[in-house]
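Right, one structure below, let's go through it.
Throughout, residue positions are numbered sequentially from 1 according to the sequence presented. Just so you know, these numbers come straight off a predicted model, no measurement behind them.
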Amino acid sequence: MEEKDLKSSQDEKQAELIDKILDLVPEDRKNDAARNVIMLLKQEERFEGPIPHPEFFERYENTLPGSAERILSMAERQQSHRIEMEKKVISEGLVKERRGQIYGFVLFILCLITSVVFIYFGLPKFGGILATISAIAVVGLFLGGKIVVRKNLNKKQKDLL
């Protein structure tokens, strides 16, 4: 409803401006001039954000004194909450990543120990295959992780531009 009020007040201002301009134009050229003026005055305004459009914001304050401060305070609290949640998500992600690295390292060491045991007990083919597969898996995960990190970084850099 408030958007309609803002639009109608803008339309009224534009109509007044068009009338003033057309008063300066000779009668035989008013139609062409009106079309040109309307094309020049046509504009679109968009506003996005956690707080209302400045004109609505002013209306809130005029309607209920102190409401502008309350709205700003609410937006600031929401931003603080969002920042805290992002910090929490990032730190938990780092903990999970570290835990995965530790588990992967332990599993790799166990595979290497198992391959050495196979070789020791006379099964060099099985030991060699297990050691090779373990090494390839570790190298693949390492390189794959680097590629994913690089792609994410490139995507974020493109988003900033």
Considering all heavy atoms, the nearest E61-E69 contact: OE1-N, 4.1 Å
Atom pair CE (M85) and CD1 (I90), whose distance is rounded to the nearest 0.5 Å: 11.5 Å
From M74, H81, Q79, residue fulfilling side-chain contact (heavy atoms from CB on, under 4.5 Å) relative to R77: M74
L110 backbone acceptor or donor facing T114 side chain under 3.5 Å: yes
CD on E84 to NZ on K88, rounded to 0.5 Å: 10.0 Å
Under the side-chain hydrogen bond (donor to acceptor under 3.5 Å, both in side chains) test, residues paired with R98 that sit two or more places apart: Q101
Heavy-atom closest pair, residues I71 and P52: CG2-CD, 3.7 Å
Nonpolar side-chain network containing V138, other nodes, edges under 4.5 Å: F105, F108, I109, L112, I113, V117, Y120, F121
Transitive ILVMFWY side-chain link I119 to F126, under 4.5 Å: no
Exercise: identify the closest heavy-atom pair between G127 and S115: O-CB, 3.0 Å
Cluster overlap L123 with L130, hydrophobic side-chain contacts below 4.5 Å: yes
Q78 CD to I83 CD1 distance, which is reported to the nearest 0.5 Å: 10.5 Å
CZ (F57) with more than 12 external heavy atoms under 6.0 Å: yes
